[in-house]
Amino acid sequence: MPYSPPETQHLDSILPTEPLLLMGAGPVPITHAVARANGVVINHLGETMDAVISNVKLMGRYAFQTVSDKIIGVSGPASAAMEMAITNLLWPGRSVLALSMGTFSGRMVEMAEGVGADVTVLKSAGIEPVRAEQVREALSKNHYDVITMAQGETSCGVEMKCLPEVARLAKEHGALVVVDAVCTLTTMPMQMDEWGVDAAIAGGQKGLSSIPGVSLIAFSENAWEAIESRKERQPHWCLDALRAQTFWGAQQYHYTAPVPGILALHEALRQICEETLPVRFERHRVSSIALQSGIETMGLKLFVPIKDRLNSVVAIQTPKDTESAQIRKIMSKRFNVEVSGAFGLDILRIGQMGEQCRSHNLFKVLYALGMSCRQQGVDLDVSLGMAELERNLVIDPENLVD
Ligand SMILES: Cc1ncc(COP(=O)(O)O)c(C=O)c1O
């Protein structure tokens with residue numbers, strides 16, 4: 001034996017005894033039923049899996065609000081689903097107007113450059129979305145085959161509220177609309193067909209409250225025509241939408257699908273359908289607004305003005321003379337609650353996606369945030385903030401937030 005085995009460590013000695021409450025920008029907590037589904041392995045081909053796939057597509061259509069049957073699961077992070085949209089709709093000779101307002105919408109710029117498309121970047125003027133006026137002007141000057149954007153830019157907590165208007169403008173100019181709905185899908189309206197979205201991307205670990213690593217994408221019929229019209233060779237094999245459709249459309253082998261993750265997604269989507277979208281949107285709205293008022297009343301400042309603020313991931317300014325990393329460390333060590341830092345911005349981010357929007361989680365995260373800031377010398381009125389949260393959480397007989 002040339003090599004001897006390394007000294008091993010049991011997982012229990014690495015994982016915390018009490019799991020941290022995941023209140024950051026994702027992954028988010030999953031329900032017991034989703035976790036159970038994620039623990040099952042079945043054959044990736046055959047009658048049972050066929051039934052699972054056809055259900056995921058059916059429920060996916062409801063989540064995306066589309067009648068399109070081109071709903072495809074992607075074995076990979078949400079970035080892989082973004083890459084599936086980009087690599088199938090863009091190639092050398094095709095042009096894209098990429099709306100960039102942070103890390104994730106900016107990621108699609110890099111991807112489009114990577115596949116050799118002709119890329120024009122339209123940046124927002126700071127911590128705000130790209131405005132419809134900017135898009136109108138850009139579209140009036142040039143033709144673009146595709147326009148890309150994120151509905152919710154989680155890196156800085158900005159929502160692109162003018163998305164329906166931008167999609168309409170893009171349609172008028174014959175451009176396909178690609179939307180990153182990774183954190184927003186099922187947390188707020190995303191009307192794929194009504195708004196004219198041609199590719200919508202969701203990750204498992206955010207709005208859908210499933211596991212990371214298995215994502216979902218929906219293509220419109222127009223997008224599919226563009227994909228089928230391609231003459232150039234598709235450089236990707238796993239991310240080739242036409243190949244992927246052999247599994248997701250004809251239920252034939254493409255590659256061995258991540259069965260447990262798809263079962264988890266099935267259960268997460270089933271719970272969404274059972275809750276229904278209007279009730280789910282309202283739960284998210286009430287929960288996030290209550291949290292925001294609690295944070296402000298306590299004495300902290302929110303990073304994004306209300307007109308552009310994203311409810312799914314709330315960005316908070318790090319209090320003066322403190323460090324975001326230090327506050328987060330106290331939150332996790334002393335209170336077992338995890339929130340996120342950011343990519344180069346001096347903010348803390350609290351997620352409001354799926355299972356995060358439950359009253360017991362809200363009270364815990366707000367208390368942990370307030371007390372951790374206080375430990376760092378910030379003068380806050382934690383009790384007033386907690387009372388404000390309670391006052392705003394409209395827990396009606398139908399248990400909107402519970
Ligand atoms: C809006 C948005 N898009 C895309 C991604 C990328 O997701 P993943 O890390 O699963 O690739 C994220 C992750 O935080 C996100 O928030």
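Counting convention: from 1, in listed order, for ligands and their atoms alike.
- When each of Asp118, Asn142, Ile147, Thr120 is tested with Ser95 by the rule side-chain contact (heavy atoms from CB on, under 4.5 Å), just one qualifies, namely Asp118.
- Scanning both residues, Leu300 and Leu369, for their nearest heavy atoms gives CD1-CD2, 3.7 Å.
- Side-chain atoms of Ser105 and Ser100 include no donor-acceptor pair closer than 3.5 Å.
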Per-pair distances, 0.1 Å, donor-acceptor, side chain in residues 3-24, under 3.5 Å, sequence neighbours excluded:
{"residue": "His10", "atom": "ND1", "partner": "Asp12", "partner atom": "N", "Å": "3.2"}
{"residue": "Ser13", "atom": "OG", "partner": "His10", "partner atom": "O", "Å": "2.6"}

Residues 57-64, side-chain donor-acceptor partners within the protein, below 3.5 Å, at least two apart:
{"residue": "Lys57", "atom": "NZ", "partner": "Asp69", "partner atom": "O", "Å": "3.3"}
{"residue": "Lys57", "atom": "NZ", "partner": "Trp248", "partner atom": "O", "Å": "2.7"}
{"residue": "Arg61", "atom": "NE", "partner": "Ser68", "partner atom": "O", "Å": "3.1"}
{"residue": "Tyr62", "atom": "OH", "partner": "Leu277", "partner atom": "N", "Å": "2.8"}

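- Around ligand 1, the residues contributing at least one heavy atom under 4.0 Å from the ligand are Pro77, Ala78, Ser79, Met82, Phe104, Arg107, Gly152, Thr154, Asp180, Val182, Gln205, Lys206.
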Hey, can you pull the donor-acceptor pairs under 3.5 Å for the side chains in residues 28-42, sequence neighbours left out?
{"residue": "Thr31", "atom": "OG1", "partner": "Val34", "partner atom": "N", "Å": "3.3"}
{"residue": "Thr31", "atom": "OG1", "partner": "Gln271", "partner atom": "OE1", "Å": "3.2"}
{"residue": "Thr31", "atom": "OG1", "partner": "Gln271", "partner atom": "NE2", "Å": "3.2"}

